[in-house]
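Step one of this worksheet: look at the structure below.
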Amino acid sequence: MLDIRWIREHADEAKQRLASRHGGEEEKVDSLLELDAKRRALLTEVEQLKAERKAVSKEIGALMAKQCHEEAAARKETTRELGDRIAAMDREVNQAIAEQDAILLSLPNLPHSSVPDGTSEADNPEIRTWGEPASFDFTPQSHVTLAERLSLIDFARGAKLSGSGFLLYTGWGARLERALIQFLLDLHTREHGYVEVSPPFVVSPECMTGVGQFPKFYDQAYAVQEGQDGSTLGKLYLIPTAEAPVANIHREELLKEEDLPVFYCAYSPCFRAEAGAAGVGTRGMIRVHQFDKVEMIKIVRPDEGYRELDAMVANAEKVLQLLGLHYRVILLCTGDMGFASAKTFDIEVWAPGQGSYLEVSSCSNCEDFQSRRMNLRFKSSDGKNLHPHLLNGSGTALARLFVALIETHQQSDGSIFIPEPLRPYLGADSIPTPA
RNA sequence: GGAGAGGUGGCUGAGUGGUUUAAGGCACACGCCUGGAAAGCGUGCGUACCCUAACAGGUAUCGAGGGUUCGAAUCCCUCCCUCUCCGCCA
């Protein structure tokens, strides 16, 4: 959420920077400012009336104490009418606040000045690459072929259980998934300074609003209810990312400056309805309704936000480097960034079987956009209450990492080579071909 | 799900309709005192919004939302959360 006072004083800049997202959001600014002016005028007026009522009520109290009941009764008459006017105006003020909040919650974050202008992913500059695409003296297979041949995934039965887009990992596949999760958590907690948390996998709508999922992406979430009790529908949602619970851990709190920075990492499954994306889904594991992910979250002082963003990207890159996977780092342009983000780096890993790069990580600094939505603050050393920067990044998404890993490290005999750092977790140096 | 007890500022803790303008204490900040410190004494000290060039001023806020009243931390209703016990349950 943007700061209404900042918008009030920087209306032109707000419009310009919203316009740079090429989403037409800047058109909402004028009506927002009108509501703001109306709200403040009403508030000033009704607060004067309340001050008056308060003063007279106090007089009535004093008169009652002195047993002057007639005089008190006369004053009650005048304040009764005052109370009716106040109630009416309170309703108007609340209406204006509700309308203003609805617009504020619908506006995306402003892009940072270092974000390049653009309208689609075609305009995202490549920042750097690491390694080279794997070369083969045979034709590399798709992960679908590999997973079926090695019985890593039972696609048909996964679909039987839950529909298309749900995966049943089996045997070495299930074991590899588990090994990757633990490898990632150990890396980030032992080497990168994150505190591991294991959050709920369902969250309240307030948490979804806090990170900016709601109100814009209601359709993307799975809403749950208790049994057949429809009245409980909408009280909890399956998390689309661990960012939803973990970024909200300190919602509504006032942290101390010495508490910062806070680094969390968490494993969770991620549930995405992908409404409207029917038919876009590719065969296999690349676009699914449920996948595992290890997420990194940072809560930092505003002056450290961008330094910490770079560090977080490096943390995610380390995963791919240790696994020997070629990747590139992309800076998202203004038109391609997520709703809550001010600046986002994507990391795309090379999948030789696909002949394409797959997004396995997205690291964003949301600045104070989310912390304002969730009323998360910290008291600075000079006593001011400030909104910290909130950063989130995948470290990394698992299904696509699984794809890149088996496609990159497939051998001519059909087995999968396991990179050294992962071996203690898998308990093997390769996934063998079936006998 | 049932019964009971609770929810007051950073913490603690009073307050059952009207100088409560939320007492007192702790913590914190500043000052006095001291060779220095502690103790003691004094002053200040929540949050959000409105207004103002600034100082000042105003409104709201006692888990949340409604209601009664001239006036609600206090009375009524609904909901949320915590604790104790019971039931069910991995």
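We name chains A, B, ... by the order of the sequence lines, and we start the count at 1 in each one. Predicted model, so just to flag it, every value in this text is computed and none were measured. All heavy atoms count here, side chains included; hydrogens, waters and symmetry mates do not.
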Next on the checklist: Counting only side-chain heavy atoms from C-beta out, which of B/A60, B/C70, B/C50 sits nearest to A/T79?
Outcome noted: B/C70
Item to check | C1' gap between B/A14 and B/A22, integer Å | outcome: 10 Å
Item to check | Per A/K54 side chain, nearest of listed nucleotides B/C50, B/G18, B/A60 | outcome: B/A60
Checklist entry - Quantified in whole Å, what is the C1' atom distance between nucleotide B/U52 and nucleotide B/G13? => result 38 Å
Next on the checklist: Can you see whether A/H250 engages A/E253 through a side-chain donor-acceptor pair at a distance of less than 3.5 angstrom?
Outcome noted: yes
Checklist entry - With a 3.5 Å cut-off and no angle check, do the side chains of A/E243 and A/Y264 form a donor-acceptor pair? => result no
Next on the checklist: Can you list every stem that RNA chain B is part of, counting only runs of 3 or more consecutive Watson-Crick or G-U wobble pairs with both distances under 3.5 Å?
Outcome noted: B:1-7 with B:80-86, B:10-12 with B:24-26, B:28-32 with B:40-44, B:46-50 with B:57-61, B:63-67 with B:75-79
Checklist outcome for this item: Of the listed B/C80, B/A60, B/G71, the closest approach to the A/K50 side chain comes from B/A60
Next on the checklist: Under a 3.5 Å threshold, yes or no: a donor from one side chain and an acceptor from the other, between A/E99 and A/Q95?
Outcome noted: yes
Checklist entry - P atom, B/G6 versus B/U43: distance in rounded Å? => result 37 Å
Checklist entry - Mapping A/K235 and A/N385 onto RNA chain B by nearest heavy atom, which one lands closer to the 5' end? => result A/N385
Next on the checklist: Quick check for you: among B/C80, B/G58, B/C70, whose closest atom lies nearest to any side-chain atom of A/A51?
Outcome noted: B/G58
